[in-house]
Peer 1: 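Got a structure for you, written out below as structure tokens; questions coming shortly.
Reminder, nothing fancy here: chain letters follow the sequence lines and each chain counts from 1.
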Protein chains: 4
Amino acid sequence: MTGPKTAGGYSRIQTQKRAAIFAAALEIFARHGLRGASLEAIAAEADMSKQNLLYYFDGKEAIFVELIQQLTDLWLEPLAQIDPAGEPVAEVLAYVQRKLVMSQNHPRESRLFATEILQGVPHIKHLYEGPMKAMVDRTVALLQTWMDAGQIRAVDPHDLLFSIWANTQHYADFSAQINLIKPMTREERYANAERFLTDMYRALLVVQD
Amino acid sequence: MTGPKTAGGYSRIQTQKRAAIFAAALEIFARHGLRGASLEAIAAEADMSKQNLLYYFDGKEAIFVELIQQLTDLWLEPLAQIDPAGEPVAEVLAYVQRKLVMSQNHPRESRLFATEILQGVPHIKHLYEGPMKAMVDRTVALLQTWMDAGQIRAVDPHDLLFSIWANTQHYADFSAQINLIKPMTREERYANAERFLTDMYRALLVVQD
Amino acid sequence: MTGPKTAGGYSRIQTQKRAAIFAAALEIFARHGLRGASLEAIAAEADMSKQNLLYYFDGKEAIFVELIQQLTDLWLEPLAQIDPAGEPVAEVLAYVQRKLVMSQNHPRESRLFATEILQGVPHIKHLYEGPMKAMVDRTVALLQTWMDAGQIRAVDPHDLLFSIWANTQHYADFSAQINLIKPMTREERYANAERFLTDMYRALLVVQD
Amino acid sequence: MTGPKTAGGYSRIQTQKRAAIFAAALEIFARHGLRGASLEAIAAEADMSKQNLLYYFDGKEAIFVELIQQLTDLWLEPLAQIDPAGEPVAEVLAYVQRKLVMSQNHPRESRLFATEILQGVPHIKHLYEGPMKAMVDRTVALLQTWMDAGQIRAVDPHDLLFSIWANTQHYADFSAQINLIKPMTREERYANAERFLTDMYRALLVVQD
DNA sequence: CATGAATGAGGATTCATTCAT
DNA sequence: TATGAATGAATCCTCATTCAT
């Protein structure tokens with residue numbers, strides 16, 4: 001037995017260790033990327049030996065893949081919460097805000113995700129063809145309905161989504177740049193951002209008579 | 001060291017070879033990142049031997065740094081072209097468009113830049129403290145003037161810039177994601193994007209009476 | 001150590017498990033050699049955990065040694081059945097046939113044995129100095145008696161034995177080569193071989209007037 | 001460039017180093033098998049660093065495969081020298097003798113080859129389907145002709161070849177066993193063997209009126 | 001200018017084995 | 001009797017880089 005990979009469920013200690021490894025891996029991967037990260041570094045961060053780490057995972061890439069798959073859920077959550085029955089403009093603005101909060105609270109997760117996409121999504125293509133696409137399609141259809149009903153301005157719904165992703169994630173993914181250009185506390189930064197993005201998307205979406 | 005690094009200028013053949021190496025390095029770095037790229041791969045792409053490559057550059061990192069420094073100019077160019085004497089809204093929209101064209105024509109450069117920022121700008125901090133900051137400050141000041149004069153809507157000028165960067169670069173940097181979610185020809189993609197972004201920033205910036 | 005190695009005899013369950021391990025080990029060792037085989041593989045083949053396996057044996061080498069010691073008996077059996085009172089040529093030919101049947105029915109055992117000898121008999125030297133040598137010496141003496149009496153042709157009795165071993169075991173040990181050169185069902189193969197070897201050794205041994 | 005593997009030909013130093021590596025690898029592989037051998041050991045035997053060794057070869061298995069391919073030629077040589085126009089019995093006996101000399105002079109090569117076959121010929125199947133099969137087929141046809149003409153006794157020609165291989169190689173491959181059973185100088189051993197095998201195959205092949 | 005040769009440092013895995021339960 | 005957890009020792013291999021020519 002090389003490890004607990006065979007079992008269907010995980011014991012308490014397994015769950016704990018795996019969580020510790022995920023946390024460490026997130027830290028290291030977000031900082032150095034998949035290739036740049038070393039098992040040694042992850043193991044050190046997780047306060048265990050490299051071999052013990054390999055007892056729980058099949059290898060570096062396996063950790064990466066499992067980790068990034070988990071992030072997908074995190075990423076989709078704010079989207080899932082859009083209420084079709086809500087007030088359209090408010091719903092979109094609330095989504096923007098949720099995404100922004102996510103960036104604020106999970107910047108490393110966001111950067112890890114960004115790295116994967118920048119490299120061409122080599123590890124999670126299947127997620128895009130499955131759950132991700134389904135959720136996006138649902139949302140696009142909803143936005144289209146609202147546009148057709150004249151409840152929000154008619155623009156390309158895909159581009160609208162892309163824009164929201166770009167804007168909200170930017171504050172996490174490119175924070176190094178932002179901090180060099182305009183140093184600021186994180187709280188101020190995100191308060192500002194929320195104000196700005198709310199203004200922008202309200203201006204865009206509210207239908208003028 | 002017998003290499004050309006001692007001289008003040010470069011001979012014709014040196015310039016040629018360096019250009020070939022830069023082109024190859026851009027290709028490889030954009031695809032695999034700094035750590036993921038191997039000298040071997042760059043050398044192969046540039047059609048020369050690894051050692052010959054090292055005759056022209058001090059090492060992998062040296063290539064990367066010189067390369068990314070060059071990109072800064074490219075990146076700043078659209079910003080430099082904003083005309084303080086022009087019509088404010090039109091000037092900003094033209095800037096958006098120039099950035100978008102840049103993304104369309106230089107996606108690898110954009111991704112390389114994004115990688116560097118994602119990793120925390122470890123190699124070009126000095127550029128941000130120098131030319132980059134100067135240009136950004138100038139632009140922010142100009143935007144502020146226009147806002148104070150009521151010529152464009154008053155928002156945080158930094159956030160406005162961040163938003164433009166995020167939106168325009170997103171189509172290059174995250175194209176893998178975009179293509180998975182909504183496959184499209186590049187031309188259509190960017191035509192759509194231009195329409196959307198123009199709509200959005202006009203809605204944002206035009207001052208309502 | 002809580003294992004069963006302390007006791008003088010083995011309980012029923014111990015005997016069963018040990019047999020299962022021997023069977024699995026034979027399979028794996030014959031396929032990959034001592035070094036090439038992994039405890040993991042043997043454990044999987046025996047349908048138990050690596051640790052449980054180590055509860056019954058002191059280690060990989062211990063399994064190997066015990067296993068190969070058992071094979072010695074198998075290997076010597078045909079030799080022991082030579083009847084000093086029998087008709088000499090017939091006795092030798094019958095021995096050839098028994099060895100051939102052994103090869104046919106126990107090819108993995110034969111290969112395992114061959115591997116050990118090829119590596120220089122690192123694990124069972126003592127057997128050669130003990131029971132094996134005794135049995136061989138007995139047989140050589142018997143053959144010499146028959147030769148002295150003119151009942152079989154006078155050749156070097158050791159070389160005769162070596163030849164019989166080489167010829168009969170060849171069909172098991174080098175079956176991969178044989179099958180590549182001349183594919184055939186196992187039954188045909190051994191029927192052919194028996195005919196050929198009988199012809200050869202009869203031609204060799206029968207004394208011409 | 002990771003090494004000289006790309007070129008069509010080899011420079012002097014390359015040829016020398018490769019030869020040294022082959023010699024060392026033969027020694028180590030013959031003693032420990034493919035899995036049991038370590039690059040470290042081969043490098044030490046060849047008096048060079050592990051990395052230098054890897055500069056010349058792609059890896060352990062690559063060395064093994066190239067080495068064993070070379071052995072094939074050695075192995076086939078005695079077979080190629082059988083003269084279709086010669087006296088049949090003498091030709092076969094001369095072949096037996098050549099194979100025996102080969103075993104005497106190249107025991108490690110013989111053992112290495114034996115190891116590969118014992119493991120099921122995992123690395124040189126293609127050789128069997130190509131040059132090896134051709135040469136064997138040619139010889140079998142020749143033997144059959146001689147048998148049909150009544151010049152040697154009619155037996156299965158394949159079995160005859162297998163027998164010659166088994167007998168001659170046995171003295172190299174299983175020398176450890178032989179030496180334990182009957183210690184002897186190498187010269188005596190092979191002189192004995194030659195006498196015995198000549199007797200046996202002459203007895204087998206000479207046609208009785 | 002160019003390249004063949006060589007190497008040191010690092011990094012991922014494998015695997016037998018120990019230990020506690 | 002059985003197994004989950006952990007580890008030390010090897011071992012293969014990659015890769016940037018140096019050196020000599």
Peer 1: In whole Å, what is the span from the CG atom of C:L53 to the P atom of E:dC15?
Peer 2: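 Taking CG of C:L53 and P of E:dC15, I get 15 Å after rounding.
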
Peer 1: Taking the side chain of A:L54 as its heavy atoms from C-beta onward, which of F:dA6, E:dA5, E:dT14 lies nearest to it?
Peer 2: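 Of F:dA6, E:dA5, E:dT14, E:dT14 is nearest to the side chain of A:L54.
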
Peer 1: In whole Å, I'd like the distance from the NZ atom of C:K60 to the C1' atom of E:dT18.
Peer 2: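 Checked: the NZ to C1' distance equals 17 Å.
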
Peer 1: Can you tell if the side chain of A:H32 reaches within under 4.5 Å of the side chain of A:I28, non-hydrogen atoms only?
Peer 2: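 Yes, side chains in contact.
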
Peer 1: Using Watson-Crick or G-U wobble geometry with both distances under 3.5 Å, which nucleotide pairs with E:dT21?
Peer 2: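 F:dA2 - that is the nucleotide pairing with E:dT21, both distances being under 3.5 Å.
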
Peer 1: Identify the heavy atoms of B:Y56 and B:R18 that sit nearest to each other, and give their distance.
Peer 2: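 Closest approach of B:Y56 to B:R18, heavy atoms only: O-NH1, 3.8 Å.
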
Peer 1: Take atom CD1 of A:I42 and atom C1' of E:dG11, then tell me their distance rounded to the nearest Å.
Peer 2: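 Distance check: A:I42 CD1 to E:dG11 C1' gives 12 Å.
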
Peer 1: Which whole-number value in Å describes the distance from D:E40 CD to F:dC13 P?
Peer 2: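 My rounded result for the distance is 13 Å.
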
Peer 1: Among the nucleotides E:dA16, E:dT13, F:dA6, which one has an atom lying closest to any side-chain atom of A:L39?
Peer 2: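 Comparing E:dA16, E:dT13, F:dA6 against the side chain of A:L39, the answer is E:dT13.
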
Peer 1: Which residue lies toward the 5' end of DNA chain E, A:Q51 or B:N52, if each is placed at its nearest nucleotide?
Peer 2: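 Looking at DNA chain E, the more 5' nearest nucleotide goes with B:N52.
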
Peer 1: From CD1 of B:I28 over to P of F:dA16, roughly how many Å is that when rounded to an integer?
Peer 2: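 The answer, rounded to whole Å, is 12 Å.
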
Peer 1: Whole Å only: how far is the OH atom of A:Y55 from the P atom of F:dA9?
Peer 2: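 Spelled out: OH on A:Y55 to P on F:dA9 is 21 Å.
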
Peer 1: On DNA chain E, compare the nucleotides closest to A:A37 and C:E61; which residue's is nearer the 5' end?
Peer 2: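 Of the two residues, A:A37 wins.
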
Peer 1: Is the shortest side-chain N/O distance from C:S11 to OP1 or OP2 of F:dT1 below 4.0 Å?
Peer 2: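 Yes.
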
Peer 1: Please check the phosphate of F:dA2 (OP1 and OP2 only) for any side-chain N or O of C:K50 closer than 4.0 Å.
Peer 2: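 No, outside the criterion.
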
Peer 1: Give a yes or no on whether D:R108 atom CZ has more than 12 heavy-atom contacts from other residues, nucleotides or ligands under 6.0 Å away.
Peer 2: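 Count over threshold, so yes.
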
Peer 1: Once you apply the 3.5 Å cut-off to both distances, tell me the Watson-Crick or G-U wobble partner of E:dG10, or none.
Peer 2: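 Base partner found: F:dC13.
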
